[in-house]
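Take a look at the structure set out below.
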Amino acid sequence: MPTPSGRIDILAIDGGGIRGIIPATILAKMEEKLGHPMWETFDLIAGTSTGGIIAAAIGAGAKKGDAYTSAELVDLYVEQGPTIFHRGFLTEAEQVFGPKYSPEPLEAVLRNFFGDSELKSAKTPLLISSYDVQGNRTFFFKSEKAKAQDGAAFNWKLREIARATSAAPTYFPPTQLRNEFHTYTLVDGGVCVNNPAMAAYAEARRIYPDAKDFLVVSVGTGDRPTELKYEDVRQWGLLGWAKHIAPLFMDSGSDTADYELHYIMGNDWNFRFQPGLDKASSAMDCVTPDNLQALRDDAEGYLADADIAVKFETVCALLSQRWSAQAVGTGS
């Protein structure tokens with residue numbers, strides 16, 4: 001349901017592993033402020049990796065027909081993060097030549113969380129990214145295709161989509177999805193569109209071809225401090241880069257999408273929320289109790305900053321226009 005003026009509101013959520021606590025915390029504050037779930041607030045929700053998990057949870061009938069709240073996503077990360085990122089007893093050689101984590105705990109968590117809910121249960125259009133290494137192409141799960149009359153080839157269980165979008169190279173093995181129409185070998189969408197805001201804007205223009213105004217709210221998983229110096233990296237080879245290449249690609253992609261949207265849309269209709277990591281680790285898999293709390297603290301501290309608070313209030317005021325106009329029209 002676009003705003004009364006016809007403006008299309010878009011939400012995009014970055015990837016970043018356990019740092020998904022940050023966008024979930026920010027969106028929980030937004031839901032509290034607006035008094036409406038995210039699927040009622042946005043005309044399209046996009047997500048990559050951990051952001052794809054959040055998008056599927058808050059934008060579809062993931063909870064036995066209902067959508068999850070963003071606050072419930074915070075709880076999921078805090079309660080299940082240590083299970084998902086459990087190191088086990090891998091030898092040093094196994095950590096170098098195989099995925100860092102077994103996919104079984106992640107798959108069990110996703111199975112319990114999403115059950116058998118499907119993409120066609122989306123309550124607002126969804127766009128969730130992955131990458132098909134078999135076809136060498138960016139792969140998008142699109143709820144509008146899944147809902148179409150001939151959409152069987154595009155409809156997947158949400159737990160399968162969540163597994164595909166979060167299969168970060170070096171962290172988890174790829175996942176294979178197959179149906180009677182296609183077979184795909186999928187890895188984390190962060191290798192191509194870690195910040196899905198630009199892709200979401202393009203998809204919104206496709207879904208809503210007559211719309212003239214678009215508003216984008218993009219939420220990151222924390223801005224990693226610069227840690228790699230020339231003296232450290234100049235002689236790295238395959239093994240040296242292996243530990244860093246996945247997060248490096250993902251974070252650089254996020255910055256690129258933000259740059260592109262800034263020059264296409266300007267600042268009036270493009271809002272990026274990206275906290276610094278002042279207390280929390282930049283690692284995608286640091287699940288110590290202290291770091292889980294630090295991620296929440298960084299998100300809440302960011303929103304408490306005076307300038308960010310003004311931007312947050314501005315965004316909420318713009319988003320609330322769809323309901324305030326209705327209230328005036330009904331005399332309530």
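Note that the numbering runs from 1 along the sequence shown for the chain. The model shown is predicted, which means the values in this text are computed figures rather than measured ones.
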Query raised in the report: Should Trp39 and Val216 be regarded as members of a common hydrophobic cluster, given that ILVMFWY residues are connected when their side-chain heavy atoms come within less than 4.5 Å of each other, either directly or indirectly?
Result: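 Cluster IDs for Trp39 and Val216 differ.
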
Query raised in the report: According to a 4.5 Å side-chain heavy-atom criterion applied to Ile, Leu, Val, Met, Phe, Trp and Tyr, with indirect links allowed, do Phe154 and Leu44 form part of one hydrophobic cluster?
Result: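 In one cluster: no.
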
Nearest-0.5 Å distance that lies between atom [atom1] in [X] and atom [atom2] in [Y]:
X      : Y      : atom1 : atom2 : answer
Asn112 : Glu107 : CG    : CD    : 12.0 Å
Phe141 : Leu186 : CZ    : CG    : 5.0 Å
Leu318 : Thr314 : CG    : OG1   : 7.0 Å
Thr185 : Gln176 : OG1   : CD    : 4.5 Å
Asp210 : Ile207 : CG    : CD1   : 13.5 Å
Ile13  : Ile45  : CD1   : CD1   : 6.5 Å

Heavy-atom distance under 4.5 Å between the side chains of [X] and [Y], does that happen here?
X      : Y      : answer
Glu40  : Leu34  : no
Trp156 : Asn179 : yes
Ile54  : Tyr77  : yes
Tyr171 : Asp285 : yes
Leu303 : Ile26  : yes
Asp43  : Pro125 : no
Asp213 : Ile8   : no
Ile22  : Val219 : no

Residues [X] and [Y] bridged, charged N to O under 4.0 Å:
X      : Y      : value
Lys120 : Glu118 : yes
Asp14  : Arg272 : yes
Arg322 : Asp9   : yes
Lys33  : Glu313 : yes
Glu160 : Arg163 : no
Arg137 : Asp132 : yes

**Report entry** Aromatic ring pairing Tyr184/His182, orientation class (parallel under 30°, perpendicular over 60°, tilted between)
**Finding:**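 Geometry flag for His182 against Tyr184: tilted rings.
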
Heavy-atom donor-acceptor pair, [X] side chain to [Y] backbone, under 3.5 Å:
X      : Y      : result
Ser130 : Val187 : yes
Lys157 : Ser117 : no
Ser121 : Gly61  : yes
Thr183 : Arg178 : no
Asp223 : Pro275 : no
Asn291 : Cys286 : yes
Arg7   : Leu215 : no
Thr165 : Ile161 : no
Glu31  : Pro37  : no
Lys147 : Ala122 : yes

**Report entry** More than 12 heavy atoms of other groups within 6.0 Å of Glu32 CD
**Finding:**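 Counting other residues, nucleotides and ligands, CD of Glu32 stays at 12 neighbours or fewer.
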
Query raised in the report: Is atom OH of Tyr263 surrounded by more than 12 heavy atoms (other residues, nucleotides or ligands) closer than 6.0 Å?
Result: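 No.
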
Requested in this report: Step by step, work out the side chain to side chain contact (heavy atoms under 4.5 Å, CB included) result for Leu73 and Leu76.
Outcome: CA-CA 5 Å; Leu73 268 296; Leu76 172 72; 4.0 Å; yes

Report task. From the options Tyr68, Phe114, Phe113, select the one residue that forms a side-chain contact (heavy atoms from CB on, under 4.5 Å) with Lys63. Result ->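 When Tyr68, Phe114, Phe113 are each tested with Lys63, the side-chain contact (heavy atoms from CB on, under 4.5 Å) holds only for Tyr68.
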
Considering all heavy atoms of both residues, which atom of [X] and which atom of [Y] are nearest to each other, and what is their separation?
X      : Y      : answer
Thr83  : Pro105 : O-CB, 3.3 Å
Pro173 : Ala167 : O-CB, 3.6 Å
Ala164 : Thr175 : CA-CG2, 3.5 Å
Asp298 : Ala280 : OD2-N, 2.9 Å
Leu277 : Ser282 : CD1-CA, 3.6 Å
Gln274 : Gly222 : OE1-N, 2.8 Å

Query raised in the report: Which one of Tyr208, Tyr201, Phe42 satisfies the ring pair (Phe, Tyr, Trp, His ring centres under 6.0 Å) criterion with Phe214?
Result: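 Checked Tyr208, Tyr201, Phe42 against Phe214; only one passes ring pair (Phe, Tyr, Trp, His ring centres under 6.0 Å): Tyr201.
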
Report task. Apply the test side chain to side chain contact (heavy atoms under 4.5 Å, CB included) to residues Thr48 and Asn195: give CA-CA distance (whole Å), side-chain angles for both, the deciding distance (0.1 Å), then the verdict. Result -> CA-CA 7 Å; Thr48 292; Asn195 174 355; over 6 Å; no

Report task. Run the numbers on Val315 and Met30 for side chain to side chain contact (heavy atoms under 4.5 Å, CB included), then give the verdict. Result -> CA-CA 9 Å; Val315 169; Met30 189 172 290; 4.2 Å; yes

Requested in this report: Tell me, with the steps shown, if Asp116 and Arg159 meet salt bridge (charged side-chain N to carboxylate O under 4.0 Å, His left out).
Outcome: CA-CA 8 Å; Asp116 289 326; Arg159 66 171 186 259; 2.7 Å; yes

Requested in this report: Taking the six-membered ring for Trp and the single ring otherwise, decide whether the centroids of Phe85 and Tyr101 are under 6.0 Å apart.
Outcome: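 Yes, the ring centres sit under 6.0 Å apart.
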
Query raised in the report: Quick one: are the ring centres of Phe271 and Phe273 less than 6.0 Å apart?
Result: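 Between Phe273 and Phe271, which both carry aromatic rings, the centre distance is not below 6.0 Å.
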
Query - side chain to side chain contact (heavy atoms under 4.5 Å, CB included) between Ser281 and Ile18, intermediate numbers included - result: CA-CA 10 Å; Ser281 168; Ile18 195 62; over 6 Å; no

